Amino acid sequence: MEIDEKILRRAGASILRCNKGEIIFMEGETPHCYMQIIRGQVKLNSYDHDGKEFIQNILEDGDSLAESIIIASTVYPMNAIALKQSTIIKLPKERLLGLLETKPELLMDLCNSMANRLNQKIFMLQNNSIKCPKEKIKGLLNYMRRFKSSNSDFSFEIPLTRQQIANIIGLTVETVIRNIKILESENLLMIKNRKIFV
DNA sequence: TCATTAAAGTTAT
DNA sequence: ATAACTTTAATGA
């Protein structure tokens, strides 16, 4: 979901700047504003009982932050933390709802974006229930390059660190590293300057 | 087999 | 320089 910045400003949006590592919202808080990243990178995460991080999503320029939660009128089920210095535009919930009423095109955008988010969740659920770590990693990498051509020419760079991959699929970095090397030896990916290409 | 721990090497800021 | 990330190795569940 990306609402034109001018529209948001006209509707009374404000700007929030945050530095790397800053918490934008936390699990359990009530959402008051629609938020959209103008520039930057934000992760949505949560922690399990013994503090192990689970990354739910990494969002970038133009992405909205957990819009389904505002619409559902619940409490945030995850934290949002800036991964880079970021500029975020915020619009109070009531104003967002007003916008959606006056601009029905936005409703369709919202619908589309929620459908995509739902698809992503379905994928993650299926992929993360796979036991074999190699297959889990393969699944994630394959999902990331879903809009690229199906034949792998190793032209798509995975924009994740190994630690991030591990925290998305619930493995340790070491296991991710070992299996990525196996996948490389099987010619299913390429490593160049520590970056993974599929 | 994978997680954990520790230690060291490499890259980015 | 210092932090962040990657890698290897040993050990244990």
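Only this structure's heavy atoms are used, side chains among them; waters, hydrogens and symmetry mates stay out. Since this is a predicted model, take the numbers as computed values, not measurements. In what follows, chains are A, B, ... by sequence order, proteins preceding strands, each numbered from 1.
Of all the heavy atoms in A:Met35 and A:Phe25, the pair that sits closest is CE-CD2, 3.9 Å.
Distance CD1 (A:Ile177) to P (B:dA7): 18 Å, rounded to an integer number of Å. A:Ile196 places its CD1 atom 8 Å from the P atom of C:dT6, with the value rounded to the nearest Å. Taking atom CZ of residue A:Arg178 and atom C1' of nucleotide B:dC2, one finds them 8 Å apart after rounding to whole Å. The NZ atom of A:Lys181 sits 6 Å away from the C1' atom of C:dT7 (whole-angstrom rounding). Between A:Glu174 atom CD and B:dA3 atom C1' the separation is 8 Å, expressed in whole Å. Atom CD in A:Gln164 sits roughly 10 Å away from atom C1' in C:dC5 (whole-Å rounding). Look at CG on A:Asn179: it is 13 Å from P on C:dT8, rounded to the nearest Å. Here the P atom of nucleotide C:dT6 and the CD1 atom of A:Ile165 are 8 Å apart, to the nearest Å.
Within the nucleic acid shown, A:Thr172 comes within 4.0 Å of at least one base atom, counting heavy atoms only.
Note on A:Arg162: every side-chain N or O is 4.0 Å or more away from OP1 and OP2 of C:dC5. At the phosphate of B:dT13, neither OP1 nor OP2 sits under 4.0 Å from any side-chain N or O atom of A:Lys20.
Considering only the side chain of A:Thr161, C:dC5 comes nearest among B:dA3, C:dT7, C:dC5.
A salt bridge links A:Glu53 with A:Lys43: at least one charged nitrogen is closer than 4.0 Å to a carboxylate oxygen.
The side chain to side chain contact (heavy atoms under 4.5 Å, CB included) test with A:Val173 singles out one residue from A:Gln164, A:Arg178, A:Arg162, and that residue is A:Arg162.
Nearest-nucleotide positions on DNA chain B place A:Lys134 closer to the 5' end than the other of A:Lys134 and A:Arg194.
Within 6.0 Å of NZ on A:Lys121 lie more than 12 heavy atoms contributed by other residues, nucleotides or ligands.
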